[in-house]
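I have placed the structure first, in the form of structure tokens, so that the comments after it can refer back to it.
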Amino acid sequence: MEELARLAGITVRTLRFYRERKLMPPPRREGRIAWYDDHHLTRLRTITALLERGHTLNGIAELAEAFDHGRDVGELLGMDTPTEETPVRLTPEELADCFAGDVTPENLAAAMDLGYLGTDGGEIVHISRRLLDVSSALVREGIPLAEVLRAGREVRTHTEAMAGLFAELIVRHAPEEAVQRLRPLARSVVDAELSLAMDRRLRKRG
């Protein structure tokens, strides 16, 4: 316990408090010896980063309890409704490899705050294969993961507005059974408009 607290940059008293609040899973026990591993350290560093971002202990405890008791990951990530996105299961090592070692506690907390990441037992679950592939490619091109996540948060704001526009349009004028069939059309409009907007931006730079 002392070694884990030192590596996490907290006091043993704080570690005990987190355990009492069910913020982290219990250690593996062999007789009277309690073994902590990298998953415990990652959890502690994530708690610290979430606290620094303004999350409350009660909110973190609720999330931790859901993770540790097998609540459906799709529900946690907001995927309990039909979706075209495919979630991806990763080990912590595979996640680190995707982002060239740029998975800091702060970036991990930001990704969880956005809903990109959740955990299921010892695995990490990313909400979308496409988002994972694109963000990983951007990091490989030299863009810091923190900037990618910051851009993702801004994109989220605009896409929520666009989704609201198309959802209202479809619901108002199309039968309920046509909603899923019309989703790709809405996506195509956004994709085409984004492509045209990028063309305009690049012409200005030229």
Side-chain angles (χ1 to χ4, degrees), residues 39 42-43 45-46 49-50 53 55 59-60 62-64 66-68 70-171 178-198:
H39 295 300
T42 298
R43 175 69 68 88
R45 288 175 172 168
T46 301
L50 288 170
R53 291 174 63 85
H55 292 267
I60 297 172
E62 181 181 356
L63 186 61
F67 289 161
D68 294 337
R71 197 168 113 198
D72 181 70
V73 174
E75 181 184 351
L76 287 173
L77 297 179
M79 297 181 65
D80 49 331
T81 54
T83 177
E84 297 171 282
E85 298 306 310
T86 302
V88 184
R89 291 177 176 271
L90 304 155
T91 65
E93 294 76 18
E94 288 170 337
L95 182 66
D97 289 342
C98 284
F99 296 104
D102 203 12
V103 183
T104 63
E106 292 76 17
N107 287 340
L108 186 61
M112 292 179 69
D113 192 39
L114 274 167
Y116 286 172
L117 293 181
T119 63
D120 186 18
E123 290 184 310
I124 294 169
V125 181
H126 195 290
I127 194 172
S128 165
R129 163 63 70 183
R130 289 194 296 177
L131 282 175
L132 176 64
D133 289 346
V134 169
S135 55
S136 177
L138 290 171
V139 171
R140 288 197 301 273
E141 291 294 330
I143 301 175
L145 181 55
E147 293 298 320
V148 173
L149 292 170
R150 189 171 295 114
R153 186 175 295 280
E154 292 189 32
V155 169
R156 171 75 58 80
T157 300
H158 296 296
T159 52
E160 287 285 350
M162 288 186 288
L165 187 155
F166 281 110
E168 183 180 349
L169 184 69
I170 292 171
V171 169
V179 172
Q180 292 303 316
R181 190 175 71 251
L182 294 175
R183 281 181 56 159
L185 300 181
R187 192 177 67 240
S188 294
V189 171
V190 174
D191 185 56
E193 285 289 355
L194 178 60
S195 179
L196 292 169
M198 290 292 291

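In plain terms, the two heavy atoms of Gly152 and Tyr116 that are nearest each other are CA-OH, 3.7 Å. Here the closest heavy-atom approach between residue Leu117 and residue Ile124 is recorded as CD2-CG2, 3.8 Å. In terms of heavy-atom proximity, Ile143 sits nearest to Val148 at CG2-CG2, 3.7 Å. Closest heavy-atom contact between His126 and Leu132: CE1-N, 3.6 Å. Residues Leu149 and Ala110 approach most closely at CD1-CB, 4.0 Å, considering heavy atoms. Residues Thr91 and Glu94 come closest through the heavy atom pair N-OE1, 2.9 Å.
Separating the CG atom in Asp102 from the CG atom in Leu95 is a distance of 10.5 Å, to the nearest 0.5 Å. Note: Met162 CE to Glu160 CD = 10.0 Å, rounded to the nearest 0.5 Å. With rounding to the nearest 0.5 angstrom, the CZ atom of Arg43 is 10.5 Å from the CG atom of Leu108. Put simply, CD on Glu147 and CG on Asn107 are 10.0 Å apart, with the number rounded to the nearest 0.5 Å.
Checked by atom type and distance alone, the side chain of Ser195 never pairs as donor or acceptor with a backbone atom of Asp191 at under 3.5 Å. Judged by distance alone, with hydrogens and angles left aside, the side-chain atoms of Thr86 form no donor-acceptor pair with the main-chain N or O of Arg129 at under 3.5 Å.
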